[in-house]
Amino acid sequence: MTTLAVRANDFLAQRRIALVGVSRDPRDLSRSLFRELRQRGYDVVPVHPTLDAVDGVDCARRLQDVHPGVDGALLMTPPAQTDRVVRDCTEAGVTRVWMHRGTGRGAVNPVAVSYCRDHGIAVVEGACPFMFLPRAGFVHRTHGFFARLIGSHPGHRPA
């Protein structure tokens, strides 16, 4: 089994990704992450069942509506919805999934994680992509620094 850091870096090596569950609120973390990834050259497709556009980018209602397809799906959904979304990933041919978690439970759902593993989907279960992006903002760098210091960073390997 690969480490979380290896799976996270593999996910971030993909250039076309869907951000599922992007918020209506422009101040929400999902929107910040959407903008940051786009600034870094990612082709990010927002996915939300009731939004038409996010920051001027057309929004897909579900993953199966994204054409051409994506290399990965970053899920920022409530855990109760994550199971349905990973099944959408299978239908849409998505082979990489990141279930976001900053604080709290995030999008991680144990049933969905098992589904991904059983269906050949590489899964990053938890963590925030900001912790793995080089030159992330001050808050994210500080969060990553303290997480490494106390051994709770998802990419941390004890000596």
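These values consider heavy atoms only, across backbone and side chains, with no hydrogens, waters or symmetry-generated copies.
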Please determine whether side chain to side chain contact (heavy atoms under 4.5 Å, CB included) holds for the pair L51 and R24, giving the CA-CA distance in whole Å, both sets of side-chain angles, and the decisive distance to 0.1 Å. CA-CA 7 Å; L51 290 177; R24 296 177 177 284; 3.0 Å; yes

Do T50 and R61 get their side chains close enough for a donor-acceptor pair, meaning under 3.5 Å? no

For R62, enumerate each residue passing the salt bridge (charged side-chain N to carboxylate O under 4.0 Å, His left out) test, keeping only those at least two apart in sequence or located in another chain. D65

Who are the salt bridge (charged side-chain N to carboxylate O under 4.0 Å, His left out) partners of R38, not counting sequence neighbours? none

Applying side chain to side chain contact (heavy atoms under 4.5 Å, CB included), name anything that partners N9, two or more places apart in sequence or on another chain. F132

I'd like to know if E36 and R40 make a salt bridge, using a cut-off of under 4.0 Å between side-chain N and carboxylate O. yes

Side-chain donor-acceptor contacts of residues 70-78 below 3.5 Å, not counting sequence neighbours, with atom names and distances?
residue : atom : partner : partner atom : Å
D71     : OD2  : R16     : N            : 3.3
T77     : OG1  : T82     : OG1          : 2.9

With hydrophobic residues grouped by side-chain heavy-atom distances under 4.5 Å, do L63 and V123 end up in a single group? yes

Under the salt bridge (charged side-chain N to carboxylate O under 4.0 Å, His left out) test, which residues partner R15, sequence neighbours left out? none

Nearest 0.5 Å, please: how far is CG in D55 from CZ in R31? 4.5 Å

My understanding is that only residues two or more places apart in sequence, or in another chain, count here; which of them pass side chain to side chain contact (heavy atoms under 4.5 Å, CB included) with R96? D10, F11, Q14, A122

Donor-acceptor side-chain pairing of D28 and S30 below 3.5 angstrom: yes

Answer yes or no: is there a side-chain heavy-atom contact under 4.5 Å between L19 and P46? no

List the residues meeting side chain to side chain contact (heavy atoms under 4.5 Å, CB included) with T90, not counting sequence neighbours, and say none if there are none. Y115, H119, I121

Show your reasoning for whether side chain to side chain contact (heavy atoms under 4.5 Å, CB included) applies to V57 and V44. CA-CA 9 Å; V57 178; V44 185; over 6 Å; no

Taking the side chain from W98 and the backbone from G126, do they hold a donor-acceptor pair closer than 3.5 Å? yes

Determine, stepwise, if the pair V47 / C59 fulfils side chain to side chain contact (heavy atoms under 4.5 Å, CB included). CA-CA 5 Å; V47 178; C59 200; 5.6 Å; no

Cluster overlap L29 with M131, hydrophobic side-chain contacts below 4.5 Å: yes

Let me check something: do V111 and V85 share a hydrophobic cluster, defined by ILVMFWY side-chain heavy atoms less than 4.5 Å apart, either directly or through other members? no

Distance, nearest 0.5 Å, that separates CE of M99 from SG of C116: 4.0 Å

Ring pair (Phe, Tyr, Trp, His ring centres under 6.0 Å) contacts touching residues 37-96 (sequence neighbours left out): none

Across all chains, not counting sequence neighbours, the side-chain hydrogen bond (donor to acceptor under 3.5 Å, both in side chains) partners of D118 are none

Apply side-chain hydrogen bond (donor to acceptor under 3.5 Å, both in side chains) to R101 and list each qualifying residue two or more places apart in sequence or on a separate chain. none

What residues form a side-chain hydrogen bond (donor to acceptor under 3.5 Å, both in side chains) with D58, not counting sequence neighbours? none

Audit row: L133, L12, side chain to side chain contact (heavy atoms under 4.5 Å, CB included) steps and yes/no: CA-CA 8 Å; L133 289 171; L12 292 171; 4.1 Å; yes

Please tell me whether L4 and L33 are part of a single hydrophobic cluster in this structure, the criterion being side-chain heavy atoms less than 4.5 Å apart. yes

Should V22 and V108 be regarded as members of a common hydrophobic cluster, given that ILVMFWY residues are connected when their side-chain heavy atoms come within less than 4.5 Å of each other, either directly or indirectly? no

Note: P79 and N109 closest approach over all heavy atoms is O-ND2, 2.8 Å

Please list, chain by chain and in numerical order, all residues satisfying side-chain hydrogen bond (donor to acceptor under 3.5 Å, both in side chains) with Q81, sequence neighbours excluded. none

Taking side chain to side chain contact (heavy atoms under 4.5 Å, CB included) as the criterion, tell me which of L37, D43, V45 meets it with I17. L37

